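Okay, so here's the structure we're looking at.
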Number of protein chains: 2
Amino acid sequence: MSSADITSNSQTGMIPLQATATNRELCPHNAKISCASCRLNKLCLPIALDNSEIHQLDNIVKRNRPYKKGDHLYRQDDAFESVYVVRSGSIKSYILSDSGKRRVTGFFLPGEIIGMDGIASKIYANSTMALEHSSICEIPFTQLERLSQQLPNLQHHFFAIMGNEIAKDQKIHTLLSSYTAEQRTASFLLGLSTRYGRISLSPTRFLLPMIRIDIGEYLGLTVETMSRVFTALQRKGLIAVNNREIELLDIEALRGIIAAS
Amino acid sequence: MSSADITSNSQTGMIPLQATATNRELCPHNAKISCASCRLNKLCLPIALDNSEIHQLDNIVKRNRPYKKGDHLYRQDDAFESVYVVRSGSIKSYILSDSGKRRVTGFFLPGEIIGMDGIASKIYANSTMALEHSSICEIPFTQLERLSQQLPNLQHHFFAIMGNEIAKDQKIHTLLSSYTAEQRTASFLLGLSTRYGRISLSPTRFLLPMIRIDIGEYLGLTVETMSRVFTALQRKGLIAVNNREIELLDIEALRGIIAAS
DNA sequence: CAGGAATGTTGATCTGGATTAAGATTTGAC
DNA sequence: GTCAAATCTTAATCCAGATCAACATTCCTG
């Protein structure tokens, strides 16, 4: 690689992603921001609320200082206190099984809610860790329940959020129980694409916030297989990969891979 | 097999299960029963409610006539109206993917709640079918929400039920993404054991309400593999299998299989 | 209760992805 | 800027479970 294109990929000719909008730019790590003025309020809990209701929600939201990469929001078996919403950055959740195996159970992007697995048992079933510098809103659950009792819209919306999580988990169940490595990966990338699109980032060009090992642990595949699949999809011209940079070149073909046989 | 032991398994010497308490006996298909007098009211929604609250819940519960084996409660893509609680019998839920693959997403025993996957999108993501003659309570969701608004205990409990579903689905995610066929099967059997125990049936001796194909589609395995694993576990003396009859002979060893490496 | 369909079992073979191994590249700390 | 650790890639081999095939058993239905 010559010094002239030191930041671009000479094989794919990809322009470095730094030049485009990023997660960071969209959501500055500004702890002072209120729900009413948050850019995510069309995605997050406020979506169903009117102004006075948003104000009440605002009063129970704790805006802690940003988490650094590798920081934990909470750990498996901690007492359940709060659910969390990603304001900027990204989070992974993972479980350590009895046998010591580590499995990633989810990735969370801005606007997405973390910690609902602890609601029933009052103990978190997962650990959750920041994948990069991230701002998080904390919502003490007891207060959220109390407020839901007063605001039918909030209760309704929170039921919907939990229902959505259940439907999503069932889709993953299907994915893991019968899809090939390539199909799982295509599905994972298309899922990220949709989620980035929702927060007004490019749905075809994004930076993976997680390492290959994490993706593998999420999809039930080894790192080596992840690497091979990325290479294969690139060779077929469906994606361009440069390290953590991903470009989806042929979304229809990716959908076709998932639908196959 | 001689005519003398026509109903027992000459290899395992198992006494036929018909002689023990069954699902049917526990929960007669009596449509007249109220939540207050239902044997499941320590498991189901009433658990958190006082007498007057149970009465209000009772008023919104529809007790349809029993479903015959193979009947659908609802089908994938139907408009979401209600959640359902199994009173007696058993239900499976399944998804048909774009590619035509059928995957079982869950099994539901008495006291368990069905249909929460439709809450967010207002469309059921699964089809649900009775595995045997089953009685089901239907709870129109709009009315359940309205009542939850009035009864904090009910709201709290329903949040807990949904949280439990989320935690359970994540466990399955872990199971499917890294466990062997034998580990998945052991985990499945121990899970059933716990659930039968909860409804006061034997946790070590029960009748599988589903066929091998269904178990395989749930665990991401083929029928042939299911059959081989059952045979292997039987040979090791951990279980006794006679068609749909299962006896868990060594629960600790089954736990050990799951924990291994 | 007879006969066909559905379900379950067992064996032989094949294969996708794991495992093992060895480098290459990137990242982060000093 | 340098160096060690972390991450990623590629290749060779292996194996758990899929697939293919044949048959046994159980369940329905008339």
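All figures in this text were calculated on a predicted structure; none of them were measured in a lab. To find a chain, count down the sequence lines: A is the first, B the second, and so on, and within it residues start at 1. Only this structure's heavy atoms are used, side chains among them; waters, hydrogens and symmetry mates stay out.
Shown here for A:Met226 and A:Thr185, the closest heavy-atom pair between the two residues is CE-OG1, 3.8 Å.
Here C:dG8 presents its P atom at 14 Å from CD of B:Glu245, a figure rounded to the nearest Å. The distance from atom CG of B:Leu221 to atom C1' of C:dG8 is 16 Å, rounded to the nearest whole Å. Rounded to whole Å, the distance from CD1 on A:Ile215 to C1' on D:dT7 is 12 Å.
Residue A:Arg212 places at least one side-chain N or O under 4.0 Å from the OP1 or OP2 atom of D:dT9.
Side chain of A:Thr225, nearest nucleotide from D:dA18, C:dA18, D:dC20: C:dA18. Of the candidate nucleotides C:dT19, D:dC8, C:dT10, C:dT19 has the atom lying nearest to any side-chain atom of A:Thr222. Across C:dG8, D:dT10, C:dT26, the shortest atom-to-atom separation from the side chain of A:Ser227 is found for D:dT10. In the set D:dT10, D:dA18, D:dA21, D:dA21 carries the atom at the smallest distance from any side-chain atom of B:Glu224. For A:Arg244, the side-chain atoms get nearest to D:dC8 when compared with the rest of D:dT10, C:dT10, D:dC8. Closest to the side chain of A:Ala181, out of C:dG17, D:dG17, C:dG8, is C:dG17. When the nucleotides D:dT9, D:dT7, C:dG28 are ranked by their closest atom to the side chain of A:Ile211, D:dT7 comes out on top.
Residue B:Arg228 places a side-chain atom within donor-acceptor reach of the base of C:dG11, judged by atom type and a 3.5 Å distance cut-off alone.
Proximity of a side-chain donor or acceptor of B:Arg103 to a complementary backbone N or O of A:Ser177 within less than 3.5 Å is detected.
Both the sub-6.0 Å distance and the 45° axial angle are satisfied by A:Lys101 relative to the ring of B:Tyr179.
Note that CZ of B:Arg102 is 7.5 Å distant from CD1 of B:Ile213, once rounded to the nearest 0.5 Å.
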